[in-house]
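Notes to accompany the following structure.
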There are 4 protein chains.
Amino acid sequence: MLFDQSNPIYIQIGELICENILKGIWKEGERLPSVREFAISMEVNPNTVNRTYTTLQEKNIIFNQRGIGYFVSPGAENMVLQMQKEVFIEEELPRIIKKLKLLKISLEDFTQLYSISD
Amino acid sequence: MLFDQSNPIYIQIGELICENILKGIWKEGERLPSVREFAISMEVNPNTVNRTYTTLQEKNIIFNQRGIGYFVSPGAENMVLQMQKEVFIEEELPRIIKKLKLLKISLEDFTQLYSISD
Amino acid sequence: MLFDQSNPIYIQIGELICENILKGIWKEGERLPSVREFAISMEVNPNTVNRTYTTLQEKNIIFNQRGIGYFVSPGAENMVLQMQKEVFIEEELPRIIKKLKLLKISLEDFTQLYSISD
Amino acid sequence: MLFDQSNPIYIQIGELICENILKGIWKEGERLPSVREFAISMEVNPNTVNRTYTTLQEKNIIFNQRGIGYFVSPGAENMVLQMQKEVFIEEELPRIIKKLKLLKISLEDFTQLYSISD
DNA sequence: GTGGTCTAGACCACC
DNA sequence: GTGGTCTAGACCACA
């Protein structure tokens, strides 16, 4: 697994987990990999995975059963979708639109680039 | 001047300068404010501005005349536009499109959000 | 460690590192001393070492693993050799040859001086 | 006239003058361009040329006749040749040889590169 | 006046 | 523990 430099690793792992939830790969109620397992497969320090899990738990996306492991919360998929949508529209979108204008990329250009990417 | 916490200040100042170049506010060949002046107006340490200038110089966006100051490079506007466009299309756009799909935001939704922001 | 005055210290430390890589003293994949450690052994401020490391990282000679340290990049030895050879042949050599001619030092003189230095 | 970043401009101008003397373009006893003239032709601040002249005067390569101008000293050509030869052999040559070895450029390689440059 | 470098010391996020 | 950033302040060479 490769991480980019810009974001903390524990955040990037969190995004990966959310992605898996959104894609339905990890369903609600399912158990996540143990911290150690996941750390090994990600080639990362267990502390880092632990931090990811803790962070996601605080957002109620996953929950912990002591001694057993972490599980995807019920309703997680919807919750993640709503949360990310809100953040995206409130924070990312304005920056994106500003940049599109600054770089003189019209909505038509964008639409075309969008369809190319399919 | 206010800076957000996500990016280093010296980067944000660099982006501000590029923006000014793109908007035609600072034209090619024009002298930038001296390190000290700019530091005062940005309410920042001179070292920080120095770092910004050095970084932009490495990208050939500005150049230095010894003992005189920094100047906008000839062709800078175009260069910045091309560089940022390339980065945007190669790196940001794929992430954006991926996210749009993941969040089930259609191109129509996006278009509407775009027009609302005007 | 003694530094001469002509070049910035952070550059001289960079040259030292490259030399160590070229000589095979620091092998690819190996971890460099931490910024603080190295600063102490060089009798220099940590900021200075940091600057050296950052500069070498930009040239892809070393890379950073977050929270762990800096490492010699794979292929670094060859890369450094090629880079320095290119710079030497393209930039230094012409100046040297020009100077040899200007100072009326023949190739034979040079050869002799070379062998004396052994 | 273009100057590189590494050396001070006043030094580079000094080297140019010495070169002209060595090449016999500016002969002993001849008057150098006035500070102002030279500054204009070099696209440089007169202070800079002044500093060059002062420095060369201290080395007795040129001399000043008040109100008239600077002149190439008698015996300058020989003096410059000796001085530069000494500096070259004492200081530059060891560095060059060390670098040749580090970069694995043999004397044969060097000889070949030398002849190519003709 | 200009920028370039360096130190000292601090704070922070991250692993 | 690791590096990254920033400030404050100093000194220097250069134009």
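Just so it is clear: chains get the letters A, B, ... in the order the sequence lines come, proteins before strands, and each one is counted from 1. Keep in mind it's a predicted model, so treat the numbers as computed, not measured.
Panel note: side chain Ser73(A), backbone Ile61(A); a donor-acceptor pair is recorded below 3.5 Å.
Taking atom CD1 of residue Ile40(C) and atom P of nucleotide dA8(E), one finds them 12 Å apart after rounding to whole Å. If you measure from atom CD1 of Ile9(C) to atom P of dA13(F), you get 14 Å, rounded to the nearest angstrom. The nearest whole Å value for the distance from the CG atom in Leu32(C) to the P atom in dT2(F) is 13 Å. Here dT7(E) presents its P atom at 17 Å from CG of Asn45(B), a figure rounded to the nearest Å. Rounded to an integer number of Å, the gap from CG of Asn50(B) to C1' of dT7(F) is 14 Å. Distance, Asn7(D) CG to dA15(F) C1': 16 Å, rounded to whole Å. In this structure, Gln5(A) atom CD and dA13(E) atom P are separated by 19 Å, rounded to whole Å. At whole-Å resolution of the value, CG in Asp4(B) and P in dC6(F) are 11 Å apart.
OP1 or OP2 of dC15(E) has not a single side-chain nitrogen or oxygen of Arg51(A) nearer than 4.0 Å. One finds no side-chain N or O of Thr48(C) lying less than 4.0 angstrom from the OP1 or OP2 phosphate oxygen of dT5(E).
Distance from the side chain of Val35(C) is smallest for dG3(F) among the nucleotides dG3(F), dT2(F), dT5(F). Comparing dT5(F), dG4(F), dT7(F) against the side chain of Thr54(C) picks out dG4(F) as the nearest.
Between Pro8(B) and Gln65(C), the residue whose closest nucleotide on DNA chain F is further toward the 5' end is Gln65(C). Residue-to-nucleotide proximity on DNA chain F shows that, of Pro46(B) and Asn64(C), the 5′-proximal contact is made by Asn64(C). Between Tyr10(A) and Ser34(B), it is Ser34(B) whose nearest contact on DNA chain E lies nearer the 5' terminus.
Across all strands shown, dG1(E) is found opposite dC14(F) as a Watson-Crick or G-U wobble partner, with both distances under 3.5 Å.
For the pair Glu19(D) and Lys98(C), the salt-bridge criterion is met [side-chain N within less than 4.0 Å of a carboxylate O]. Salt-bridge check for Glu77(D) with Lys27(D): failed, with every basic side-chain N at 4.0 Å or more from each acidic carboxylate O.
Atom CZ of Arg36(D) sits in a sparse spot, with 12 or fewer heavy atoms from other residues, nucleotides or ligands closer than 6.0 Å.
Residue Arg36(C) is in base contact, counting any heavy-atom pair closer than 4.0 Å across all strands shown.
Judged by distance alone with a 3.5 Å cut-off, a donor-acceptor contact links the side chain of Asn47(C) to the base of dG9(E). With hydrogens and angles left out, the side chain of Arg66(C) and the base of dG3(F) share no donor-acceptor pair within 3.5 Å.
Between Asp4(D) and Gln12(D), the side chains place a donor N or O and an acceptor N or O closer than 3.5 Å (distance only, hydrogens not considered).
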